[in-house]
A.B. asks: 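Provided herewith is a single structure, encoded as structure tokens, for subsequent inquiry.
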2 protein chains.
Amino acid sequence: MAEDREVTIYDIAKYLNISAATVSRGLKNNPMISKQTRKKITDAATMLGYQSNTFASSLRSRQTHTLGVLVPRLNSHFMSSVLAGMENAANLHGYNLIIAQSLEDVDKEKRNVLTMYNKRVDGLLISLSANATDINHLEPFFKKQIPVVFFDRVHSHADSTCVGIDNYDAAYHITTHLISQGCKRIMHLGGNLLRNVYNDRFKGYKKALKEHHLPFSAALHLVSNLSEQAGTDAASYILELPPAERPDAVFSANDTAAVYCMLALKAAGLRIPEDIAFAGFNNDPISKVIEPNLTTMNYSGEAIGNTAATYLINHLKGSNNLHATNAITLRADLVIRASSLKKDTAG
Amino acid sequence: MAEDREVTIYDIAKYLNISAATVSRGLKNNPMISKQTRKKITDAATMLGYQSNTFASSLRSRQTHTLGVLVPRLNSHFMSSVLAGMENAANLHGYNLIIAQSLEDVDKEKRNVLTMYNKRVDGLLISLSANATDINHLEPFFKKQIPVVFFDRVHSHADSTCVGIDNYDAAYHITTHLISQGCKRIMHLGGNLLRNVYNDRFKGYKKALKEHHLPFSAALHLVSNLSEQAGTDAASYILELPPAERPDAVFSANDTAAVYCMLALKAAGLRIPEDIAFAGFNNDPISKVIEPNLTTMNYSGEAIGNTAATYLINHLKGSNNLHATNAITLRADLVIRASSLKKDTAG
DNA sequence: TATTTTTACGCAATCGGTTGCGTTTATTTT
DNA sequence: AAAATAAACGCAACCGATTGCGTAAAAATA
């Protein structure tokens, strides 16, 4: 009873007594085919339950309508928002997403890049793993002119565009805010300086210090993976400092480390923000739950994902050009919450 | 200089003066081909920079080595963990993932299912959207014997397997725990009862009540989408109840609603757990940040994702059978934290 | 050495759309 | 009405790997 063979354009052609070529064109709304014929074709297609075979199509046309997405880790609030944004954009334009994670491992990143390449993705969206020192593994893409868009953890390249926020500026503002609250010894919990996001935040932090004639102290700059544990460790570090050398504020490059640092310091009896003010980065859900609520930098992962994917797709469709655009910077705004409010705002 | 054409098995064949058929077989380690020839083939392949064309392969072999993943929302901690688990399993076995989200909309779910079908995924991993009343849209898959594995938000079907936890049992235990702490008026913040996860949790909650001769009151059962807003709304609802009718505990079907309910009640001056105890579900990161820390049900999204994907892949490889297995239940354990500890544990 | 069995490989037909180019039919121009 | 142009469609060769079946060469057996 159930037909085992797939319905093909040849079946439609036979059914309508026309050629398969016409059917193929008709299904793609090729103006070369008359309106009436097109209608007949699409009608017959739905009638017969036709489903286009993407392989045959991709094989011949060399287009997959698939985008590769490579991220360090899938399971973070930020990254899942990015993916949601990308999925929206892709879905809207008839593209699919192949998603893989490098788990912060360059070797896995390389393997995944190769897989994406083999799968002939039409374009690649990538956020680099922590320990990637170069982007030589992307050469096959550049060589074959397959467009690459970096997002968040980017790496400048002549043939591709970067989508993200201005981390330098954001960190500068957040640090300035802490200074405006009267903080003078501001610690920075930073990430791997190989990655632009952490490097830029570090630079923005230093710039703000310098501008306000505050000294930069290496003792107040901790580099870690910004995990929960790293936050807790930072707290221990702070508590072990001689009271006179303790920071009166902490600017963390992400909310997770900030929150877990706060929790440990609160447990040790420190008051926030009176004894030590806090600011994070990301506007992660936990920043609205910790008490006092965490001052942080808000930017939309969904917007980043959506923008990056849309931009890539538009490039593929020829309506814009990656090579002309070096970077797209999205808005990020400082969300001031109780964790950093030392002075009366009424002041 | 740069060759534009792809390197194909024909190039390898020509290079070695053998047939393309032999090359094809040699690349797949077909024992029909002698060891030496195989070696020559693989060597020539890497030498010439050969990359297999998956379309040609898929077109002919009718296998895509791609799994479709369809989830309600990508951006939740739980779901991104699930995806991470799936990605691991898929990557390990040489499979790829095509991921899409339904945004809790059946229509989008239907469209996505169709896309996956068109993309000829080898199998489908799906968690149903909130308002899906049936799974008729999966019929094409069942009809074509393409394996389907449900996870988390499942729907029993003769031809597929469900992977998740025992929500009934988990809710029963969590409610029993609240009762053991002396709570007598336990409210339940539940989700859409169409979905097994919420329905089962509701039933488990009721069973625990009944077993301890506590009356079930519809006034203490709120159904919502369990969002932040829903949690806040639940708090308002509680505060508006006559003091005598107020619950002395809340069991929420997820952590988000629980946490936002707690925040609002705390702001209103209620003490947790003294005035009202709390328990959530999911062990979301926020449950460890809220004060007091939230008692919740912990289960691994990664394990669910990994198990579901692995099981599907094994089925595809023929080493196990979906039809024989109705459901796979993973472990979930109660994590007791301060939000529900009314009695001295030393007691 | 003749014959059977194995082993190793080649032939050629797929899989199902796509597309350059040629051909027919309809429309416009002179 | 004849000629020129445009519109609509068909032919057939792809795209690159897979695989059933056939065959030549090598090994085993008689």
Side-chain angles (χ1 to χ4, degrees), chain A residues 3-42 44-45 48-66 94 117-122 144, chain B residues 3-42 44-45 48-66 94 115 117-122 144 146:
Chain A
E3 306 296 330
D4 206 30
R5 244 178 46 74
E6 311 256 336
V7 178
T8 72
I9 55 170
Y10 295 99
D11 298 323
I12 300 180
K14 201 175 297 172
Y15 180 79
L16 294 175
N17 273 319
I18 57 179
S19 77
T22 302
V23 175
S24 173
R25 293 189 174 104
L27 288 171
K28 306 195 81 187
N29 277 319
N30 188 320
M32 189 197 281
I33 308 299
S34 75
K35 284 249 179 205
Q36 324 149 41
T37 312
R38 263 188 272 174
K39 173 112 176 60
K40 277 199 289 184
I41 291 172
T42 50
L48 297 173
Y50 168 78
Q51 304 288 354
S52 142
N53 185 318
T54 47
F55 306 125
S57 170
S58 293
L59 174 59
R60 181 59 221 247
S61 68
R62 297 169 175 286
Q63 280 199 38
T64 63
H65 288 280
T66 299
Y117 183 79
N118 282 347
K119 284 265 171 177
R120 309 292 200 278
V121 295
D122 284 349
K144 248 185 88 179
Chain B
E3 307 294 330
D4 207 28
R5 244 177 47 75
E6 312 256 336
V7 178
T8 72
I9 54 170
Y10 296 100
D11 298 322
I12 301 180
K14 201 175 298 171
Y15 180 78
L16 295 176
N17 274 319
I18 57 179
S19 79
T22 302
V23 174
S24 173
R25 293 191 174 102
L27 288 172
K28 306 194 83 188
N29 277 318
N30 188 319
M32 189 196 281
I33 307 300
S34 75
K35 284 249 179 205
Q36 325 150 40
T37 313
R38 263 188 272 174
K39 173 111 176 60
K40 277 199 289 183
I41 292 172
T42 49
L48 297 173
Y50 168 78
Q51 304 289 354
S52 138
N53 185 319
T54 48
F55 304 124
S57 170
S58 294
L59 174 59
R60 180 60 221 245
S61 69
R62 296 169 175 286
Q63 279 201 37
T64 64
H65 287 280
T66 299
T115 308
Y117 182 79
N118 282 347
K119 285 265 173 177
R120 307 292 198 280
V121 295
D122 285 349
K144 248 185 87 179
I146 302 170

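Numbers restart at 1 for each chain; the letters A, B, ... are given by sequence-line order, proteins then strands. Keep in mind that the numbers below use all heavy atoms, side chains included, and drop hydrogens, waters and symmetry copies.
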A.B. asks: Just how far, in rounded Å, is P of D/dA17 from CZ of B/F55?
C.D. replies: 12 Å
A.B. asks: Does a side-chain N or O of A/Y10 approach OP1 or OP2 of C/dT18 to a distance below 4.0 Å, or not?
C.D. replies: no
A.B. asks: Between atom CD in B/Q51 and atom P in D/dC15, what is the gap in whole Å?
C.D. replies: 19 Å
A.B. asks: Just how far, in rounded Å, is P of D/dG16 from CD1 of B/I9?
C.D. replies: 10 Å
A.B. asks: Assign each of A/R60 and B/S57 to its nearest nucleotide of DNA chain D by heavy atoms, then name whichever residue's nucleotide is nearer the 5' end.
C.D. replies: A/R60
A.B. asks: State which residues pass side chain to side chain contact (heavy atoms under 4.5 Å, CB included) with A/T22; sequence neighbours excluded, sorted by chain then number.
C.D. replies: A/I18, A/S19, A/I33, A/T37, A/I41
A.B. asks: To the nearest angstrom, how far is A/I33 atom CD1 from D/dA6 atom P?
C.D. replies: 19 Å
A.B. asks: State the NZ-CZ distance between B/K28 and B/R25, to the nearest 0.5 angstrom.
C.D. replies: 11.0 Å
A.B. asks: According to a strict under-4.0 Å criterion, is B/S61 in side-chain N/O contact with OP1 or OP2 of D/dT18?
C.D. replies: no
A.B. asks: Expressed in angstrom and rounded to an integer, what is the separation of B/I41 atom CD1 from D/dA17 atom C1'?
C.D. replies: 14 Å
A.B. asks: Could you give the distance from CD (B/Q36) to OG (B/S34), rounded to the nearest 0.5 Å?
C.D. replies: 4.5 Å
A.B. asks: To the nearest angstrom, how far is A/R62 atom CZ from C/dG17 atom C1'?
C.D. replies: 14 Å
A.B. asks: Taking OP1 and OP2 of D/dA7, is either one under 4.0 Å from a side-chain nitrogen or oxygen of A/S34?
C.D. replies: no
A.B. asks: Is the backbone of B/R38 close enough, under 3.5 Å, to the side chain of B/T42 for a donor and an acceptor to pair up by distance?
C.D. replies: yes
A.B. asks: Looking at OG of A/S57 and CD of A/Q63, how far apart are the two atoms once the value is rounded to the nearest 0.5 Å?
C.D. replies: 8.0 Å
A.B. asks: Could you check which residues of residues 16-31 of chain A get a heavy atom under 4.0 Å from DNA chain C? Sort them by number, please.
C.D. replies: A/A21, A/S24, A/R25, A/K28
A.B. asks: Apply salt bridge (charged side-chain N to carboxylate O under 4.0 Å, His left out) to A/K39 and list each qualifying residue two or more places apart in sequence or on a separate chain.
C.D. replies: A/D43
A.B. asks: Can you tell me the distance, in whole Å, between the NE2 atom of A/H65 and the C1' atom of C/dT18?
C.D. replies: 12 Å
A.B. asks: Relative to the 5' end of DNA chain D, which residue comes earlier, B/A56 or B/M32, by the nucleotide with the nearest heavy atom?
C.D. replies: B/A56
A.B. asks: Toward the 5' end of DNA chain C, which comes first, B/L59 or B/T37, by nearest nucleotide?
C.D. replies: B/T37
A.B. asks: Rounded to whole Å, how long is the line connecting atom NZ of B/K40 with atom C1' of C/dA8?
C.D. replies: 12 Å
A.B. asks: Using 0.5 Å steps for rounding, measure from the NZ atom of B/K119 to the OG atom of A/S52.
C.D. replies: 9.0 Å
